Peer 1: 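The structure that follows is given in the form of structure tokens.
Numbers here simply count residues along the sequence, with the first being 1. All values below come from the heavy atoms of this structure, side chains included, with hydrogens, waters and symmetry mates left out. Atoms within each ligand, like the ligands themselves, are counted from 1 in listed order. What you see is a predicted model, and the numbers here were worked out from it, not measured in a lab.
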Amino acid sequence: MAHTVPDIKHKNWSSQWLFIMAATGSAVGLGNIWKFPYITGENGGGAFVLLYLACILLLGVPVMMTEIMLGRKGGLSPINSMRKLVGIAKASPLWTTIGWSGLLAGVMILSFYSVIAGWALAYIPMMATGTFTGIDAEGSSELFGALIADPWRLILWHSIFMLMTMLVIARGMEKGLERAISILLPGLFLLLLALVGYAYVATDQFGRALSFLFNPDFDALLYTQNADGQTIFNLEGILSALGLAFFSLSLGMGSIMVYGAYLPKESSIGEATISIVIADTLVAILAGLAIFPIVFSYGLDIGAGPGLVFVTLPIAFGNMGGGVIFGTLFFVLLVFAAWTSAFSLLEPVVAWLVESKRFSRPNAVWLSGGIIWLVGLLNVLSFNVLESFHPLSFLGEFKLAQQNIFGILDYMTSNVMLPLGGLAMALFAAWVLPSAIVSKEFNLPEGCVTYRTWSFLIHYVTPIGVGLIFLKSVGLI
Ligand code: TRP
């Protein structure tokens, strides 16, 4: 028997503006402030940024429009929205896999996202009490090492972050999500601007940061040195640009779809998409402009990798005037950004439990949050006790064989589930859903330029672009 689509009507966002804020809050997160600067640093700057911007524009924009459109047409959690759309299009129920894989990806991502957000939480009191004052490189990496080596500390902060997220979602749309977002998002922008201002005033390296971000040096992107010091050609940077674009825009999982489900019918999807994408990109660039001048002015390693904001940056804060205050603010900023993203990782599961399993909203939150918290413990242990436990080592040559649990969850979501999810949404909207329905949902006539541009990108550019990059990244071509 085919599953029935629950007959539930969710509350809508109070306005299009609140949807834009919530979706921007979802997009702006660790991806922008933690990942973007360190991945840009590792890939040599400007050329990578250019590629990232191209991925955002050519792939991110049409996929985001698509995801919002599917959500609004469905009006339900990603699983049930897809069920409904499959019914409308008389398509194969296999397309509901988009919803299921998104639900799973949400659980997987939030389980490690919360652990990393927990690091940022742990850094707030450390910064505020001057732990880093006068510190050198060795001292800073010891402090970070001591944090991640201690499962109990990590569990504490991971639990606090999960609770913070669950409390907001349990309170529902208006009292929970909307209220939190309308405080946190403006707060986030103010903090970020203050930090950029600080980097401008307190260092003389702002110009160098600008040219690092905007002066493309393609050699730095395409060539790296191997272990023997030889220069080798390397496409990894291109793959990272796409993965980061999807991750940063929250695409391919259902976060944006479920937020789209609560969008009032008369709102313009195109306009909303453009605002969200501009805000998300701006935050990534501003985060670079807050971080790079400080890293440069202390001659620190810009290619330090994931430790850039947790090891490298605190060295500088520990030695600059005003470093205690601005260092603390930086980690508050990181927590705000991660928090508003976590809402959107939890919401799809919660909405599905409410619709299909008839849970009350708070019960749905406790159950799903509890499970995610438990999976999170495996991620906590991946940084210490289980650091070299490689559950997939039987895969031999394959990349996943040498990863611990955190590595597997990160790789599978960013490199496999999100690109495939986004690709499947694009294929469904382009080739399965009748174009009359699509253009109506967009409130755009089929002949107009915006619709035709979207249609061209989603029929051809997205499948080819995402498909090629995906096949390459899993080593199939
Ligand atoms: N976009 C967020 C960030 O940049 C993370 C995030 C929230 C996300 N929801 C998502 C990533 C859905 C992928 C899919 O940190």
Peer 1: Which residue and atom name correspond to the protein heavy atom nearest atom 2 (C) of ligand 1, and how close is it?
Peer 2: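 Of the protein heavy atoms, Ser26 O, 3.2 Å lies nearest.
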Peer 1: Taking only non-hydrogen atoms of Trp34, do any sit less than 4.0 angstrom from ligand 1?
Peer 2: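 The answer is no, since Trp34 has no heavy atom less than 4.0 Å from ligand 1.
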Peer 1: Students should be able to answer this: which protein heavy-atom is nearest to atom 11 (C) of ligand 1, and at what distance?
Peer 2: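 The protein heavy atom lying closest is Phe247 O, 3.2 Å.
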Peer 1: Is the distance between the ring centroids of Tyr123 and Phe310 under 6.0 Å?
Peer 2: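 Close enough - the centres of the two rings lie under 6.0 Å apart.
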Peer 1: Go through the side-chain N and O atoms of Thr24 and Asp280 and say whether any donor and acceptor fall under 3.5 Å apart.
Peer 2: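 There is no such pair between these side chains.
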Peer 1: Taking atom types as modelled and ignoring hydrogens, do the side chains of Ser356 and Asn80 form a donor-acceptor contact shorter than 3.5 angstrom?
Peer 2: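 Yes, because at least one side-chain N or O of Ser356 sits under 3.5 Å from a partner of the opposite role on Asn80.
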Peer 1: For atom 15 (O) of ligand 1, which protein heavy atom lies nearest, and how many Å away is it?
Peer 2: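 In this structure, atom 15 (O) of ligand 1 has Tyr113 OH, 2.5 Å as its nearest protein heavy atom.
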Peer 1: Which residue supplies the protein heavy atom nearest to atom 13 (C) of ligand 1, what is that atom called, and how far is it?
Peer 2: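 Nearest protein contact, heavy atoms only, for atom 13 (C) of ligand 1 is Leu418 CD1, 3.5 Å.
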Peer 1: Of the side chain and backbone of Ser250, name the one, both, or neither that has a heavy atom under 4.0 Å from an atom of ligand 1.
Peer 2: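 It is both parts that get close, each with some atom under 4.0 Å.
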Peer 1: Spell out, as yes or no, whether a donor-acceptor pair under 3.5 Å connects the side chain of Thr97 to the backbone of Leu94.
Peer 2: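 It does hold such a pair.
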Peer 1: Show me which atoms of ligand 1 lie under 4.0 Å from any heavy atom of Ser248.
Peer 2: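 Answer, ordered by atom number: 1 (N), 4 (O).
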Peer 1: Can the ring centres of Phe161 and Tyr113 be said to be less than 6.0 Å apart?
Peer 2: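 That pair fails the under 6.0 Å test.
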Peer 1: Which residue owns the protein heavy atom closest to atom 4 (O) of ligand 1, what's the atom, and how far is it?
Peer 2: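 Of the protein heavy atoms, Ala27 O, 2.9 Å lies nearest.
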Peer 1: Run the numbers for me: atoms of ligand 1, each under 4.0 Å from some heavy atom of Leu345, listed by number.
Peer 2: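 Under 4.0 Å from Leu345, ligand 1 has these atoms: 7 (C), 9 (N), 10 (C), 12 (C).
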Peer 1: Among side-chain atoms of Tyr259 and Glu67, is any donor-acceptor pair under 3.5 angstrom?
Peer 2: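 Absent: no donor and acceptor within the cut-off.
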Peer 1: Check ligand 1 against Ser344 and write out every atom of the ligand that is under 4.0 Å from a heavy-atom position of the residue.
Peer 2: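 Answer, ordered by atom number: 7 (C), 9 (N).
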Peer 1: Could you label the plane-to-plane angle of the Phe317 and Tyr198 rings as parallel, tilted or perpendicular, counting under 30° as parallel and over 60° as perpendicular?
Peer 2: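 Because their plane-to-plane angle is under 30°, the rings of Phe317 and Tyr198 count as parallel.
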Peer 1: Using a 4.0 Å cut-off to any heavy atom of Gly31, which atoms of ligand 1 qualify?
Peer 2: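 That gives atoms 3 (C), 4 (O), 15 (O) of ligand 1.
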Peer 1: Would you check the N or O atoms of Phe246, main chain and side chain alike, for any that come under 3.5 Å of an N or O of ligand 1?
Peer 2: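 No, no N or O pair falls under 3.5 Å.
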Peer 1: Taking N or O atoms only and a 3.5 Å limit, does Leu249 qualify as a polar contact for ligand 1?
Peer 2: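 For ligand 1, there is no N or O atom that lies under 3.5 Å from one belonging to Leu249.
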Peer 1: Between Phe48 and Phe36, how do the two ring planes meet: parallel, tilted or perpendicular, split at 30° and 60°?
Peer 2: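 Tilted, since the angle between the ring planes falls between 30° and 60°.
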Peer 1: Classify the side-chain pair Glu178/Ser14 by whether it contains a donor and acceptor separated by less than 3.5 Å.
Peer 2: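 Glu178 vs Ser14: donor-acceptor pair found between side chains.
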